[in-house]
Amino acid sequence: MANKTLFSKSEAILALCLLVSAGSRAVAQQHEMPEAPSVTRAGLIEAQEAAKAQKLIPLAPPRGQQVFEEIENNVLYPIFWPNGWSLKLGGLPTGAGFTLGPRYTRTDLLRDSVTTDTSLVGSTKLWWRGGTALAAPSVADGHLSFRLDAAYEDAASVEFYGEGPTSSKAGKSNFRREFTTTHFETGVHTFRDKLSIGYRIGGLLANVGEGGDHSQPSTKQIYSETNTPGLERQSHFVTGTSFADIDLTKHGFDNPSGFHFEVENTQFWDKTWGGMYSFDLLSTQGAYYFSFANGMRTLAVRARNETAFTNGNHQIPFYLQPTLGGSNDLRGYNRYRFYGNGSSLVNVEYRWPLAQVLEMAVFADGGNVYQRPGLIGLRHTRGDGGFGFRFKKKEATFMRIDMGISPEGVQAWFVFNPVFGKLSHSF
């Protein structure tokens with residue numbers, strides 16, 4: 001009986017000890033610090049990289065790029081993409097010499113819906129042009145556009161070699177050509193600007209006088225009204241131009257890729273001589289850009305044709321005839337080298353970038369003029385070849401230098417427009 005009681009007391013003491021021990025461990029666990037996670041090699045490398053990243057200093061662009069960005073922001077943008085007062089380079093037909101003058105442009109009128117551009121430029125050969133334009137290029141969510149413009153251009157020494165594809169350099173002369181123009185244009189743009197159609201109505205006052213370059217004879221001294229219509233009798237015209245533009249090109253690395261086609265038909269209504277000098281001028285131009293080597297190389301082909309049509313015994317004034325020769329077509333020949341009632345032209349260029357803003361090209365040009373639509377063909381085709389450099393902002397060429405070589409010599413051109421630009425005329 002005594003043993004049984006002693007055993008019971010021993011069990012009670014043991015249970016009490018166990019209870020006290022468990023309570024002590026619970027209290028100790030409450031004050032115990034959490035166990036530090038194990039450190040892996042991958043975690044250590046990641047932590048070291050994060051620490052280095054906090055101490056890294058961004059690399060400055062190359063010195064050449066810094067210089068160009070300064071020139072771009074302080075010189076190129078104010079001149080070629082201005083908004084306000086600036087200097088205008090170019091703006092006169094090729095052959096005028098170096099051209100410069102003041103310009104005022106606004107692109108943010110009426111909440112960026114209206115633009116205006118006014119300039120007055122003169123050249124080293126004493127050619128002049130003053131013009132102003134007011135446009136609403138994106139009306140009705142970009143589906144409509146409107147433009148009103150007026151200009152006066154005095155080309156003091158336009159070269160003339162005689163009409164036709166067989167004209168000789170020995171017949172070189174020059175004349176003064178004064179154009180006063182005004183136009184109102186409206187356009188419709190559909191299929192995300194892939195198709196544009198429109199109409200332009202205007203007026204043209206023309207005057208021809210003695211050439212200002214006295215180192216060569218004046219046109220009136222060696223040609224006459226008989227073989228050069230419009231030389232003695234100039235006209236005032238009302239003009240109407242219908243046009244269409246199909247642009248299927250896509251943006252590329254340095255040049256667009258794809259097909260671009262334009263067509264214009266301009267009617268000239270002679271209001272001075274009873275319609276004697278009334279005619280129609282049909283102009284078409286197609287360009288295809290084939291890009292390859294990840295967009296780093298481009299093969300560009302352009303074909304252009306202009307043909308004048310008359311009714312009865314009407315004549316086409318020589319100062320409104322299509323011409324070939326110059327920086328935009330036959331680059332190995334003098335400006336206005338060939339005059340005719342029609343002209344055909346093909347240009348081929350292979351282009352590749354030399355730097356971020358500089359592109360080089362080698363090219364070949366071929367074309368001819370003819371006196372009536374039935375003579376269109378390859379007869380009397382003239383050709384040239386050469387190379388050039390284009391200064392670019394993305395796909396836009398704002399300045400180029402071309403060197404053309406032909407049987408008549410070497411021509412160097414320094415101009416401020418793309419070689420495959422849109423169809424355009426001084427009238």
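The shown structure was predicted, so the numbers you read here are calculated from the model rather than taken from an experiment.
Summarising the geometry, atom CD belonging to Q321 is positioned 8.5 Å from atom OG1 belonging to T228; distances are rounded to the nearest 0.5 Å. Remark: I197 CD1 to T190 OG1 distance equals 7.0 Å, nearest 0.5 Å. Between the CG atom in D149 and the CG atom in D117 there is a gap of 10.5 Å [rounded to 0.5 Å]. Distance check, rounded to the nearest 0.5 Å: CG of L330 to CG of D384 gives 5.5 Å. Distance CG/D270 to CZ/R233: 10.0 Å, rounded to 0.5 Å.
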task = Would you check, one step at a time, whether the test ring-ring contact (aromatic ring centres under 6.0 Å, His included) holds for F414 with F416?
result = CA-CA 7 Å; F414 180 72; F416 299 94; 5.4 Å; yes

Full working for salt bridge (charged side-chain N to carboxylate O under 4.0 Å, His left out) between R147 and E185 = CA-CA 5 Å; R147 177 183 173 88; E185 175 187 303; 5.6 Å; no

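Contact record, V208 with K220: O-NZ, 3.5 Å, taken as the closest heavy-atom pair. Of all the heavy atoms in N328 and R302, the pair that sits closest is O-NH2, 2.7 Å. Scanning both residues, S173 and S218, for their nearest heavy atoms gives CB-C, 4.0 Å. Nearest heavy atoms, L110 versus S113: O-OG, 2.5 Å. Heavy atoms only, all atoms of each residue included: S327 and V415 are closest at OG-CG1, 3.8 Å.
Atom CG of N294 is surrounded by 12 or fewer heavy atoms from other residues, nucleotides or ligands within 6.0 Å.
Every side-chain contact (heavy atoms from CB on, under 4.5 Å) that D213 has, sequence neighbours left out, goes to S157, N174, S215, Q216. Shown here are the ring-ring contact (aromatic ring centres under 6.0 Å, His included) partners of W352, two or more places apart in sequence or in another chain: Y350. Take S196 and apply the side-chain contact (heavy atoms from CB on, under 4.5 Å) test, not counting sequence neighbours, and it matches H189, D245. A search for side-chain hydrogen bond (donor to acceptor under 3.5 Å, both in side chains) contacts involving Q411 returns N334, not counting sequence neighbours. With sequence neighbours left out, R335 forms a side-chain contact (heavy atoms from CB on, under 4.5 Å) with T94, T323, W413. Residues passing the ring-ring contact (aromatic ring centres under 6.0 Å, His included) test with F292 are F290, sequence neighbours excluded. Taking L109 as the reference, R106, V114, T116 meet the side-chain contact (heavy atoms from CB on, under 4.5 Å) condition, with sequence neighbours excluded. Partners of F261 according to the ring-ring contact (aromatic ring centres under 6.0 Å, His included) rule, which considers only residues two or more places apart in sequence or in another chain, do not exist here.
The residues R176 and E210 are annotated as not salt-bridged, no charged nitrogen and carboxylate oxygen being separated by less than 4.0 angstrom. Salt bridge status for E153 with R177: present, with a side-chain N to carboxylate O gap under 4.0 Å. Salt-bridge check for E349 with R390: passed, with a basic side-chain N closer than 4.0 Å to an acidic carboxylate O. Between R400 and D402 there is a salt bridge, since a side-chain N of the basic residue sits under 4.0 Å from a carboxylate O of the acidic one. Under the 4.0 Å criterion applied to side-chain N and carboxylate O atoms, D154 and R129 are not assigned as salt-bridge partners. Looking at R337 and E159, no side-chain N of the basic residue comes within less than 4.0 Å of a carboxylate O on the acidic one, giving no salt bridge.
Sequence neighbours left out, the pairs with a member in residues 222-246 that pass ring-ring contact (aromatic ring centres under 6.0 Å, His included) are F160-Y223, F237-F268. Sorted by first and then second residue, the ring-ring contact (aromatic ring centres under 6.0 Å, His included) pairs with a member in residues 93-143 read W85-Y104; sequence neighbours excluded. Residue pairs meeting the side-chain hydrogen bond (donor to acceptor under 3.5 Å, both in side chains) criterion with at least one partner in residues 360-374, sequence neighbours excluded, are E163-Q371, N305-Y370, T307-Y370, R331-D365, N347-D365. The ring-ring contact (aromatic ring centres under 6.0 Å, His included) pairs that include a residue from residues 371-397 number zero, where partners must be two or more places apart or lie in different chains.
One N or O on the side chain of T99 and one on the backbone of G97 form a donor-acceptor pair closer than 3.5 Å. Distance alone, capped at 3.5 Å, is enough to place a donor-acceptor pair between the K125 side chain and the G95 backbone. With hydrogens and angles ignored, the 3.5 Å screen pairs no side-chain donor or acceptor of T266 with any backbone N or O of T241.
The cationic group of R351 lies under 6.0 Å from the six-membered ring centre of F420 and within 45° of the ring axis, placing it in a cation-pi geometry.
L204 is not listed as a side-chain neighbour of T180, based on a closest heavy-atom distance of 4.5 Å or more.
Screening Y319, Y336, F318, Y339 for a ring pair (Phe, Tyr, Trp, His ring centres under 6.0 Å) involving F175 leaves a single residue, F318.
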